[in-house]
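See below for the structure under consideration.
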Protein chains: 2
Amino acid sequence: MNVRTLCLGILTFQEASGYEIKKMVEDEVFSHFIDASYGSIYPALTKMMNEGLVSVRAEEQAGKPDKKVYSISQTGRQELANALAVDPAEDKFKSEFLFQVMMREFLPKSHIADIYDAQMQYLRDELEHIETSACNCPAGVTNHQGMEFVAGYGKACLSAGLKYLEEHKQEIIEPVVAKLKAVES
Amino acid sequence: MNVRTLCLGILTFQEASGYEIKKMVEDEVFSHFIDASYGSIYPALTKMMNEGLVSVRAEEQAGKPDKKVYSISQTGRQELANALAVDPAEDKFKSEFLFQVMMREFLPKSHIADIYDAQMQYLRDELEHIETSACNCPAGVTNHQGMEFVAGYGKACLSAGLKYLEEHKQEIIEPVVAKLKAVES
DNA sequence: TGAGCATATATCTTTTCGATATATGCTTGA
DNA sequence: TCAAGCATATATCGAAAAGATATATGCTCA
């Protein structure tokens, strides 16, 4: 699935600017399972405009530069349906944290303890983010079953990861702490 | 973290060809939290060769083309240590399956039921893969604490995801099944 | 016996990332 | 008070990476 399809999908919930789409994949529901940069979003929107999949409306704003608000067209909806009618690609999970844990013999002393704590905090923050952002969704959309489902899925995985880190902290951190103490004394 | 660092890290476990490195990030321990394509691995190895971070040895093979076996050099180990001495980037999780669930109003009829079952099977297969591949690690490496830790982490997250899918199958699939039955009758 | 798969290396095109540029208003602390 | 920094907003450039494809060979199995 490419950024085009992602943008079309988001635009079915509400019209939005490139900036707003980026915020959604960064902070809102989509953030748990999607990623896209400005460098891919803006060109995708421009191209789809020329192809008639979306339309633009310039919204004047006091002071700030004009906001280009994109809306999905009927052709765009058809294109989205076509793009979604395929088997989804396999999930991809990338974690530099886990890579560093694997490579911890090559890490500077005490680094592992630092990143381990930071990772637990990161997971706690993400969990809180899902729970507190009452809606976690594009403005105006409430009680969307799909959104609640993916939010719940994210919560389940994040919780499991956090629990695992809590349970295995000793075995990963202790040897380092012991070594540091030995060096100090 | 880039593919260079990834390759250097893998080469600390054992010397390997580009093909073997790809297999490791595809099938073995690394597959749970890392990804890289031939299009990034081969150029990275060639470049690091010219920079003296790795060395190559051509291994003749009956019939098959020569295998280029790469080994990490002392300079390479230093470079790896430097690259690892930074805070790891945030975890990234991409799931087209979850995106399709969010967009399921636009999916062809019955598609959601198909991909839901396929996703559960995929998670079961991944879990079994972690459990059965006795080692799940580069040849010769056993009882590596870091590897057991990341395998356990993967298991914890995958199990949580599978459990969530099992518990919420009804609410996602039922409406579709009901609609299909209504159409048939 | 021939189709397809596994091994093995490599490259090309397209996509995407990450950093940066530009412009402006608002907030906040020295 | 006023400058620094942050949030909003759009856009592009170069580098990195993905994904597809090319090439060559041997093995397996229907």
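Here is how names work: the chains are called A, B, and so on, in the same order as the sequence lines, proteins then strands, and each is numbered from 1. Since the structure is predicted, the reported quantities are computational estimates derived from the model, not experimental observations.
Residues meeting the side-chain contact (heavy atoms from CB on, under 4.5 Å) test with B/Asp114, sequence neighbours left out: B/Ser110. Partners of B/Ser159 according to the side-chain contact (heavy atoms from CB on, under 4.5 Å) rule, which considers only residues two or more places apart in sequence or in another chain, are B/Leu127. With sequence neighbours excluded, the residues that form a side-chain contact (heavy atoms from CB on, under 4.5 Å) with B/Cys157 are B/Tyr153. For B/Thr12, the side-chain hydrogen bond (donor to acceptor under 3.5 Å, both in side chains) test picks out no residue, with sequence neighbours left out. In this view, A/Pro43 satisfies the side-chain contact (heavy atoms from CB on, under 4.5 Å) rule with no residue, not counting sequence neighbours.
What separates NZ of B/Lys67 from C1' of D/dT25 is a distance of 15 Å, to the nearest Å. Counting to the nearest Å, the C1' atom of D/dC6 and the CG atom of A/Asp27 are 15 Å from each other. With rounding to whole Å, A/Lys47 atom NZ is found 15 Å from D/dT12 atom P. Spacing between atom OH of A/Tyr42 and atom C1' of D/dC13 amounts to 16 Å, rounded to whole angstrom units. Rounded to whole angstrom, the span from the CE atom of B/Met48 across to the P atom of D/dA16 amounts to 13 Å. Atom pair B/Tyr70:OH and C/dA8:P shows a separation of 14 Å (rounding to whole Å applied). Between A/Ile21 atom CD1 and C/dT16 atom C1' there is a gap of 16 Å when expressed in whole angstrom units. Atom P of nucleotide D/dA7 and atom NZ of A/Lys23 are separated by 9 Å, given to the nearest angstrom.
Residues in residues 77-86 of chain A take part in these side-chain hydrogen bond (donor to acceptor under 3.5 Å, both in side chains) pairs, two or more places apart or across chains: A/Arg4-A/Glu79, A/Gln78-A/Asn82. Judged as a salt bridge (charged side-chain N to carboxylate O under 4.0 Å, His left out), the pairs with a partner in residues 158-169 of chain B (not counting sequence neighbours) are, in order, B/Asp117-B/Lys169, B/Lys163-B/Glu167. Within the structure, the salt bridge (charged side-chain N to carboxylate O under 4.0 Å, His left out) test picks out the following pairs touching residues 13-25 of chain B (sequence neighbours left out): B/Glu15-B/Arg57, B/Glu20-B/Lys67, B/Lys22-B/Glu26, B/Lys23-B/Glu26. Identified under the salt bridge (charged side-chain N to carboxylate O under 4.0 Å, His left out) test for residues 85-103 of chain B, with sequence neighbours left out: A/Asp35-B/Lys92.
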Could I get a table of every N or O pair under 3.5 Å where one atom is in the protein and the other is in nucleotides 17-21 of chain D?
unit_1 : atom_1 : unit_2  : atom_2 : d
D/dA17 : OP1    : B/Val3  : N      : 3.4
D/dA18 : OP2    : B/Ser37 : N      : 3.0
D/dA18 : OP2    : B/Ser37 : OG     : 3.2
D/dA18 : OP2    : B/Ser40 : OG     : 2.9
D/dG19 : OP1    : A/Lys92 : NZ     : 3.4

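With hydrogens and angles ignored, the 3.5 Å screen pairs no side-chain donor or acceptor of B/Ser95 with any backbone N or O of A/Phe33.
Residue-level contact check: A/Ser17 touches the backbone only, with heavy atoms under 4.0 Å from sugar-phosphate atoms and none from bases.
Between A/Phe13 and A/His144, the ring planes are perpendicular. Angles over 60° get that label, and only those under 30° would be called parallel.
Against DNA chain C, the stretch residues 78-88 of chain A makes no heavy-atom approach under 4.0 Å.
The phosphate of C/dA10 (OP1 or OP2) has a side-chain N or O of B/Lys68 nearer than 4.0 angstrom. The side chain of B/Tyr19 places no N or O atom within less than 4.0 Å of a non-bridging phosphate oxygen (OP1 or OP2) of C/dT9.
Comparing the helix axis at one end of the helix from C/dT1-D/dA30 to C/dA30-D/dT1 with that at the other, each defined from 5 consecutive pairs, gives an inter-axis angle of 30° (nearest 10°).
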